Structure formats: structure tokens, C-alpha cells
Amino acid sequence: MTIQMESRFIYLMSCKIKFLVLFISLLAIIPSIRAQQIDLIANTDGRKSISLDGQWRTIVDPYEAGYYDYRYQPSANGYFKDAKPKTKSDLIEYDFDTSESLTVPGDWNTQRERLLLYEGTIWYKKSFDYQRTDHTRIFVYFGAANYIADVYLNGEKIGRHEGGFTPFNFEITKLVRDKSNSLIVKVDNHRRRDAVPTLITDWWNYGGLTRQVKLVETPATFVQDYFIQLRKGSRNQIKGWVRLNGGRLNQKVTVRIPEAGISKSFTAEANGYVEIGFNADLTLWSPNNPRLYDVLIEAETDRVQDKIGFRSIETRGTEILLNGQPIFLRGVCLHEEAPFRGGRAYSREDALTLLNWAKELGANFVRLAHYPHNEFMVREADRLGIMVWSEIPVYWTILWENPATLDNARTQLSEMITRDKNRAAVIVWSMANETPLGDARLSFLKKLIEHARSMDTSRLISAAMERHYIDTEEKTQMIDDPLGEYLDVLGCNEYVGWYDGLPEKTDRMEWKTKYQKPLIMSEFGAEAPYGNHGDSLTRWTEEYQENFYQHQVNMLKRISFLRGTSPWILMDFRSPRRPLPGIQDFYNRKGLISDRGEKKKAFYVMQKYYQELRESFEK
Ligand code: GCU
């Protein structure tokens, strides 16, 4: 063997050894993260918890200097180490504790002028002490973080979450200490082509820890999750399950509904899972009577209380039936934009303001676009009797053929359903919005629908589709997207009179579909900043918007299979795609109400239509 061959052999051997070491260390890390990252804990409001909301120290890191070294390799000594100089000669080039703070929950864009357009990484640090109780476990729970969150405790990586609108939690029992815990989160809201949503959206890419953060304490074996709703199509049979997590799993589990005199016991299997089923004579939840019951889920070592309503929702031909009765969904779309102050909405007050405006409009239904909104929104809708369409951000043109994109969308779908499956108000799971026809897209969405049905058979599945003309005169619209085959309810977005012609174009419009299914007109709208006036054909005026809605309403009344409407949109919202000076100024002005709560003329056109519908449908 020549010298050259010998040195080449040694070089290859060293590469192999390096790779082997790397692979083993990776193998070592993965189980520990998975061990710490458990499935979502349901109903954290019903558990012992400590809020970590408030001021968090932050480091804005556009070049991810806190994560990568100068060779763009993940650094072992990143900002997550929260290092401090030990001697006067020590070199540490960051310091959370003298850095600026941001409020959590809250997007960073509306907290500092210079961060309005910022897309990138910001590091968040929260220190906390923790007095642990024996035989308990500790989890850190995030309501949401946009878009990717890498989470560290006391310098250790505890997990990563992708997706800006769904909750996640990690177990920290083994890592938490009594004094000065350092919880650090790297939040990155970079838009990516393979992400969900992808690069282009008509909403602002608000970044940060946008919802509540809390510590949740549970017994060693606890009630991790449960599904307690009426069986599909039934009005008196409860069907569901309870799942325990911990060391002692095959415990006795009891479900109690004290106000209905119900107490049913079951025994969990060795894996902690137990199916539950029993008859119950309950007052059914409806918009006119949003009855919620106190429901107690008790195991031998844990007890969780929740407020749950019971109703059945199904379709029959082109009818949507709530508790067996045909209904019309008088709805409106809304973004999770905070009224008055702007930015990502996150509080109960934000939810109440928006939902009460919807009620003023005469709505009994809201389409939460285009991503799962915060939990306050769905719980207040439950309490107020407003039915909900909840959607994952499979929006416009994502990478249909990318398996990682499908996994990501499926995970967001799982998290959305897991969090809200016990909310009677949520009647529709929506898989997508305005996605282009094509085989890859159809198979992608079919997989999501299958997944949703495997998790929840009690609700309706839909998606906001597009339509097309079937005649050159453009008088007849057809809804025949192949996706419709797999949906329970058809959703369709149309802008006839705004993006497509002038308002009177609707006057000759006829609507057809190849499906014998109910239709929700999931979007229609026109733009006008509040207070901008002119004649009814002058774009951007309240009169044009009003005219648009008058023509729309007349057209909608002629669609025989229409069973719901959700105009675009309740309130003006920030969008990076809307630069028109003096009119839009980076706001989409299709709101029926301005972002300052001012009602536009069009608001009253819809209010009057909903009054009529209410009278005709509920007489
Ligand atoms: C689209 C889309 C919305 C968008 C709206 C608009 O249909 O679904 O996200 O904001 O139309 O153009 O205003």
C-alpha cells in the first residue's frame, strides 16, 4: 500500500469515526427531546398553573449569531446558554439581563416601531423560581409562537415547535430547579417556501410569543387529554375517550356531569387510554341557548374540570342540521387582529370585542381565518352561542409534493383539533383556503381530511374553494372543484363586483354545483376606508362597498343550496400586500368595521339581511 493510499485510508477512517460520533450523539439527543415533548395537555385553564406572561428580556438576532457559529454550524455555546462573564477577562458578547424587554403575550412587530417589518429571530428569556411539590410533574405550555420556537431551560434544549397558531408543551420536571431558572426561546418568523403557510399571505407575519406562556403542574399520573361530545347524529349518546399519562395508567376513571346527575366510571387500559360512552338527557347547546355543563374527569390520581356544551351538527342533502333542525349560518370572517391597538389579538377582551361586533351584525357564526385563533376566541364563542369555522393555514399555493410540508400541515391540524375538540361552538374544521386545482393538491388535502375524520367524526369538514364560469357571458358560476367530493360542506370565495367586474354583475348571476351539499359563501367583500365617501361606483368609498353588498345580498338570496355566508371581513386588518397610500396604508380595508371600531355603511346592509334571515329561519 503506497504512502498516498495509506494517508487516504486514514483520512477516510477519520471521517467515518467523526460521522459515527455525530450519529451516536444525535441518537442520544432525540430520545430525550421526545421523552420531554409529550402530546398536548388539554384544558390547561383547568389545571394548577403559573403564568409566565409579562416582560421578557429579548435579543433581536437577524443573523442568528446566537445559534450559528461563523461557519454557519449550530454553536454549542449559543445564547441559550445565557452565559455570564465569570472573570473580568471573560468574553461574552450578549447579556439578556441588560437587554430590552418585550411583552408576552404579544407580537414584536407592534411593540417597537423598528420591528414592524422585522422577520427573523428574536431570543426571549424569562427567569423564574419554582417551589415544586413532591410527586408532581412540570410542563411549560405555549399558547402559540410564530413561527418556529426552539425552547431551552437552564441551557438544555427541551424542544422545538413549528407552526405559528397552535399550542405546544414540553415536560421540564427533570430540568427545573428551585431558584432562577432560565427559560429561553428562540422565535423565528422567517417565511419559507416549504412552510405552512408559505411565502405569500394577505395578513401580517406577526412574530413572537403571541399567546400565553405558563407552567403547568400535574400529578405523576394525570389526565392528559379527553374527548367528551355527542356521538355523530345523536342527541343523547355521549361518546369519547380519556387518556392518562404517567406511571400508573390502568386507573379507574369517572366522568361526572353533576347538573345532569351523571356519574359514569370506566377502567383505563394499560396504556392509559379508555373509551367512554353513555346516554345522557341534556339541554343541547345552540346559539339561542348556549348551555355549557360543568364536566369533571376524575382519575385516582388527578381531576380536571371543564365547561362543555353538547350539540349535534350534521348535513342532510343541502341542509345543515343543528340538533336535527335546519339552520342558516349567518356569519362573518375575522382575522386574529386586535381591535383598536392592532397587532395579534390574544386576550379574552380582544375576543369579546370582536365576537360582540359579530353579534351586533346579527351573526350566529364566525369563520376564524386562516389559522386557529387563540383559545379565548373559541371558549367565548362557546359561552356566547356563536358557531365557529376553524381553519389551518393551508393557504393559496403551498408545496403539495413535499412530505415535510404535509407532515407540518397534519401536525397543525392535530393540534387544532386536540385543543378545541370539546368546544360545542366549533362545528366546522376547514382544511384549506383558495388552493389551486391539481392532483398533488387534491391528494394532499384528501390526506388531511382523512386525518381530521380519524380524530373527530362529530364535526363537519370543509374548505374555502374557488369557482369558475361555465359560460362566456359570465352569467353562470360553477362549484365543481374535485375537492368538493370529500367535504361535508362546500366553502366558496367569490369577489364578483370587486376583483371581478362591478357590483351589478351579480344581478344576472346564477350559481350551480355538481354536489348535493350545502354551500357556505365563505368570502365576498369590497374595500373602503371608514369615512371615505363618494358615489356608489367610486372604488374605495363606503358607498361603493355598500352598493357591492346590496347586489351581493340579492344574488345570495337566489342560491337554492346556500346555507351560510361569511363576508370578508368583520374588521380591517394589517396586510403587507396593501400599500395604497391614504387608502390602505398596509391595511386590507374590506372590514365592515374599521380597525378603530367604526361601522361602515355596508355593515348595516349585512345586518338587515341577517335580521331577515333570522326571522325567516327561526319563525
Ligand atoms: C382572498 C383571501 C383572503 C384575502 C382576500 C382579499 O380571497 O382568502 O385572505 O384577504 O381574498 O383579497 O381581501
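Just so we're clear, the structure is a prediction, and the values are computed from it rather than from any experiment. Read the numbers this way: they start at 1 and go in the same order the structure lists the ligands and their atoms.
- The CG atom of L562 sits 9.5 Å away from the CH2 atom of W511 when rounded to the nearest 0.5 Å.
- Applying the salt bridge (charged side-chain N to carboxylate O under 4.0 Å, His left out) definition to pairs two or more places apart or across chains, those involving residues 453-464 are R453-D488, D456-R459.
- For ligand 1, the atoms sitting less than 4.0 Å from at least one non-hydrogen atom of N588 are 6 (C), 10 (O), 13 (O), numbered in the order shown with element in parentheses.
- Taking the six-membered ring for Trp and the full ring otherwise, F573 and W568 have centroids separated by under 6.0 Å.
- In the vicinity of F573, heavy-atom distances shorter than 4.0 Å reach the ligand 1 atoms 10 (O).
- The shortest distance between side-chain heavy atoms of F376 and E349 does not fall below 4.5 Å.
- Of all atoms in ligand 1, listed by their number and element, those nearer than 4.0 Å to a heavy atom of H370 are 3 (C), 8 (O), 9 (O).
- No N or O atom of H335 sits closer than 3.5 Å to an N or O atom of ligand 1.
- Classification of E336 and R211 as a salt-bridged pair holds, one side-chain N sitting under 4.0 Å from a carboxylate O.
- Nearest to atom 10 (O) of ligand 1 among the protein's heavy atoms is D202 OD2, 2.5 Å.
- Residues that satisfy the side-chain contact (heavy atoms from CB on, under 4.5 Å) test with Q550, not counting sequence neighbours, are E546, N547, V605.
- Between the choices E523, K590, E434, E466, the shortest heavy-atom distance to atom 6 (C) of ligand 1 belongs to K590.
- At least one N or O atom of R578 sits closer than 3.5 Å to an N or O atom of ligand 1.
- The part of N433 lying near ligand 1 is the side chain, judged by heavy-atom distances below 4.0 Å.
- Atom 12 (O) of ligand 1 has as its closest protein heavy atom Y499 OH, 2.5 Å.
- Classification of the Y544-W498 ring pair by plane angle, with boundaries at 30° and 60°, yields perpendicular.
- Within the set W203, Y495, Y395, the minimum heavy-atom distance to atom 9 (O) of ligand 1 is found for Y395.
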